[in-house]
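Residues take their numbers from the sequence shown, with the count starting at 1. All figures in this text were calculated on a predicted structure; none of them were measured in a lab.
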Amino acid sequence: MDVGRSFLFLLFLSFFLLPSHSQTFTSVLVSQNGLDFVKNLLVNKAIASIIPLQIPRIEKSMRIPFLGGIDVVVSNLTIYELDVASSYVKLGDTGVIILASGTTCNLSMNWHYSYSTWFPPIEISDQGIASVQVEGMEIGLSLGLKSDEGGLKLSLSECGCHVNNINIELEGGASWFYQGMVNAFKDQIGSSVESTIAKKLTEGVSDLDSFLQSLPKEIPVDDKASLNVTFTTDPILKDSSITFEIDGLFNKRKTNQVLKSFRESVSSVICPGNSKMLGISVDEAVFNSAAALYYNAEFMQWVVDKIPEQSLLNTAKWRFIIPQLYKKYPNQDMNLKISLSSPPLVKISEQYVGANVNTDLVINVLEAEKVIPVACISLVIRGSGALQVMDNNLGGSVSLQDFSMTLKWSNIGNLHLHLLQPIVRTVIQTVFVPYANDHLEKGFPLPIIHGFTLQNTEIICSSSEITVCSDVAYLDSSQLPQSHLSLPGSMPWKTK
């Protein structure tokens with residue numbers, strides 16, 4: 001993987017995004033701890049991808065008293081190791097500054113010299129190898145970040161490399177005799193190292209910007225839904241954090257239909273003390289957009305013909321509750337059709353995460369090969385939720401708080417709903433709730449790229465939104481599934 005893509009995976013821990021409206025329902029804050037984590041990975045993985053780095057050959061001619069003109073060539077000059085003493089990342093007004101200082105690098109090279117005597121007319125030459133150590137090198141990048149049609153545009157403001165000191169040790173030939181001559185190449189070698197590293201970094205940033213423009217702009221959730229993760233504003237830069245604001249709502253797959261909500265935007269991410277690397281704030285509108293999408297896709301309806309207490313699905317069990325049902329259809333099997341009459345409504349507060357679900361419960365009798373609807377009961381189910389992060393997904397579970405019932409229609413006369421409550425409660429708790437939890441536990445993806453995983457997560461609820469505060473760990477390629485995008489393996493770049 002080239003330096004551009006490596007840089008992308010490290011600097012932007014999260015985002016794959018799409019042009020849409022300017023509302024914001026999810027925001028991601030990278031704290032100073034997170035920036036330092038990214039910086040360390042960047043130094044180890046991204047910049048290290050330039051190693052080994054070939055430096056152009058250097059030729060020099062000089063005149064020596066009594067010898068005349070001498071041609072000296074330094075070739076196969078290669079940087080094969082870098083050691084960074086310290087590095088840091090700093091946020092400016094318009095972008096990110098990354099500096100590596102106290103850097104040393106080790107190089108190898110071949111040297112060759114030749115000169116011709118005028119009497120007698122012969123050519124004299126010698127050659128060998130040399131080791132070069134560059135000390136006190138500083139490398140810096142200043143990068144601009146702006147939103148661009150729903151994505152991010154990266155620009156290079158400054159890029160530089162400065163060498164303070166070079167030591168050259170010759171081997172082979174009469175190297176002790178020519179040491180002083182080759183030392184005259186120090187300035188040229190230093191300049192070549194500086195310009196070659198700066199050029200390579202500039203190319204990497206340009207590749208990265210092109211790659212940013214080609215990123216996919218939504219995250220598939222399943223065959224029905226995807227997450228609209230468009231950047232809605234320029235990144236918000238502060239002294240010790242950077243915040244990315246994205247749309248975050250659910251889209252219907254293969255269309256541009258966006259299911260909107262009622263709030264204008266999510267508030268700022270708040271993690272106590274900024275002790276975590278990352279904070280991801282998700283508005284309740286995101287959950288409600290998902291609910292609306294699956295409701296419109298007619299996904300929230302199903303027929304129940306098997307339950308833990310199977311005897312409930314025979315009219316004999318109902319003979320004392322609804323006598324007219326048993327009288328008209330004695331000992332007949334039944335099923336229950338459950339369908340939501342409107343999208344579930346999720347509400348989030350500091351003390352509570354819950355949902356109200358409006359459901360129609362149709363009682364069907366199975367007679368021969370016929371399905372005979374006999375009554376419909378409207379339910380308002382109130383549930384409380386618990387959220388959790390599993391891998392990089394935000395999921396959860398729901399439990400029943402209470403419910404209310406009204407008779408919508410009946411083909412068997414009036415029903416005594418209070419007598420039905422125990423059966424309906426059993427159906428909700430043994431069928432409806434487990435079914436919902438089976439899907440809720442899978443969750444939906446948080447904006448974290450493959451190769452990184454959330455650790456030590458904490459979920460904080462506030463008015464109308466939840467915030468996931470987390471540290472981040474990087475999994476090397478040996479720990480990732482083969483289908484995942486990964487970063488290069490070990491590189492000879494060391495950090496302290």
task: State, with a plain yes or no, whether a side-chain heavy atom of Arg57 is found less than 4.5 Å away from one of Leu77.
output: no
message: Taking Ser87's backbone N and O only, do any of them form a donor-acceptor pair with Lys39's side chain (distance below 3.5 Å, no angle check)?
response: yes
query: Are the side chain of Asp234 and the backbone of Ser147 linked by a donor-acceptor contact shorter than 3.5 Å?
result: yes
query: Hey, is the main chain of Thr202 close enough, under 3.5 Å, to the side chain of Ser206 for a donor-acceptor pair?
result: no
message: Quick one, Ser470 and Ile280 - any side-chain contact, counting heavy atoms below 4.5 Å?
response: no
- line: CG of Leu446 to CG of Asn392, rounded to nearest 0.5 Å, is 7.0 Å
query: Looking only at side chains, do Ser86 and Ser101 share a donor and an acceptor under 3.5 Å apart?
result: yes
field: side chain to side chain contact (heavy atoms under 4.5 Å, CB included) between Ile189 and Val163, worked out
entry: CA-CA 10 Å; Ile189 292 174; Val163 171; over 6 Å; no
- request: Output, in order, the C-alpha distance, side-chain angles, deciding distance and verdict of side-chain hydrogen bond (donor to acceptor under 3.5 Å, both in side chains) for Glu465 and Ser281.
  value: CA-CA 7 Å; Glu465 66 187 48; Ser281 186; 3.1 Å; yes
- prompt: Between the side chain of Asp438 and the main-chain N/O of Pro434, is any donor-acceptor distance below 3.5 Å?
  reply: no
query: Are a donor atom and an acceptor atom from the side chains of Gln54 and Thr78 found within less than 3.5 Å of each other?
result: yes
Considering all heavy atoms, the nearest Gly102-Ala85 contact: O-CB, 3.3 Å
field: Evaluation steps, side chain to side chain contact (heavy atoms under 4.5 Å, CB included), between Asn228 and Glu218
entry: CA-CA 5 Å; Asn228 177 350; Glu218 57 185 6; 5.8 Å; no
- prompt: Is there a side-chain contact between Ile307 and Leu336, using heavy atoms and a 4.5 Å cut-off?
  reply: no
message: Quick one: does any side-chain atom of Asn167 pair with a main-chain N or O of Gln133 as donor and acceptor, under 3.5 Å?
response: no
query: Less than 4.5 Å apart, any side-chain heavy atom of Asp36 and any of Val89?
result: yes
message: Within a 6.0 Å radius of atom CG on Asp187, are there more than 12 heavy atoms belonging to other residues, nucleotides or ligands?
response: no
- prompt: Any idea how Phe250 and Phe444 line up, ring-wise: parallel (<30°), tilted (30 to 60°), or perpendicular (>60°)?
  reply: perpendicular
field: Asp247 CG to Thr232 OG1 distance, which is reported to the nearest 0.5 Å
entry: 7.5 Å
field: Partner residues of Asn437 under the side-chain contact (heavy atoms from CB on, under 4.5 Å) criterion, sequence neighbours left out
entry: Ser397, Val398, Val433, Leu440, Glu441
query: Does the Trp111 side chain pair with the main chain of Ile129, one donor and one acceptor, at a distance under 3.5 Å?
result: yes
- request: For the pair Glu284 (side chain) and Ile348 (backbone), establish whether a donor and an acceptor sit closer than 3.5 Å, ignoring hydrogens and angles.
  value: yes
query: Does some side-chain heavy atom of Val205 sit less than 4.5 Å from a side-chain heavy atom of Cys159?
result: no
field: N/O donor-acceptor pair under 3.5 Å between Asn393 side chain and Lys442 backbone
entry: yes
Inter-residue atom distance Ser275.OG - Asn33.CG, 0.5 Å rounding: 7.5 Å
task: Please confirm whether the backbone N or O of Val346 pairs with a side-chain atom of Asn288, one donor and one acceptor, at under 3.5 Å?
output: yes
- prompt: Would one find more than 12 heavy atoms of other residues, nucleotides or ligands at under 6.0 Å from atom OH of Tyr88?
  reply: no
For Ser341, all residues meeting side-chain contact (heavy atoms from CB on, under 4.5 Å), sequence neighbours excluded: Asn358, Asp360
message: Using a 6.0 Å cut-off, check whether atom CD of Gln188 has over 12 heavy atoms from anything other than its own residue.
response: yes
- request: Working to the nearest 0.5 Å, report the span between OG1 of Thr103 and CD1 of Ile197.
  value: 8.5 Å
query: Within a strict 4.5 Å, meaning less than it, do heavy atoms of the Val468 and Leu387 side chains meet?
result: no
field: Rounded distance (nearest 0.5 Å) linking atom CD1 of Ile51 with atom CG of Asn106
entry: 10.5 Å
statement: OG of Ser192 to CD1 of Ile55, rounded to nearest 0.5 Å, is 6.5 Å
message: Just so I know, are the side chains of Tyr435 and Val304 near enough to count as touching, which here means a heavy-atom distance under 4.5 Å?
response: no
- prompt: Are Lys276 and Ser31 close enough, and set up right, to give a side chain to side chain contact (heavy atoms under 4.5 Å, CB included), and what steps lead you there?
  reply: CA-CA 7 Å; Lys276 299 293 186 180; Ser31 68; 5.7 Å; no
query: Minimum heavy-atom separation for Met390 to Gly396, with atom names?
result: CE-N, 4.3 Å
- prompt: Do you know the tightest heavy-atom contact between Tyr352 and Ser384?
  reply: CE1-CB, 4.0 Å
task: Evaluate the ring planes of Phe452 and Phe37, with Trp represented by its six-membered ring, and classify them as parallel (under 30°), tilted (30 to 60°) or perpendicular (over 60°).
output: perpendicular
- prompt: What do the steps show when you test Lys238 against Thr243 for side chain to side chain contact (heavy atoms under 4.5 Å, CB included), and what is the final call?
  reply: CA-CA 8 Å; Lys238 297 184 179 179; Thr243 299; 5.9 Å; no
query: So which heavy atom on Met277 is nearest to which on Val472, and how close?
result: SD-N, 3.4 Å
message: Treating Thr196 as the side-chain partner and Val193 as the backbone partner, does any N or O pair qualify as donor plus acceptor under 3.5 Å?
response: no
- prompt: Of the non-hydrogen atoms in Leu91 and Ser241, which two are nearest, and what is the gap between them?
  reply: CD1-O, 2.9 Å
message: For a 4.5 angstrom cut-off between non-hydrogen side-chain atoms, does Leu29 reach Leu278?
response: no
field: From Ile381, Thr359, Val380, residue fulfilling side chain to side chain contact (heavy atoms under 4.5 Å, CB included) relative to Phe403
entry: Ile381
task: Taking all non-hydrogen atoms of both residues into account, name the closest pair between Met109 and Ile168 and its distance.
output: CE-CG2, 3.9 Å
- line: Given the options Ile97, Leu156, Leu99, Leu141 meets side chain to side chain contact (heavy atoms under 4.5 Å, CB included) only with Leu156
- request: Any salt bridge (Lys or Arg N to Asp or Glu O under 4.0 Å) involving residues 382-393? Give me the pairs, sequence neighbours left out, ordered by first then second residue.
  value: Arg382-Asp402
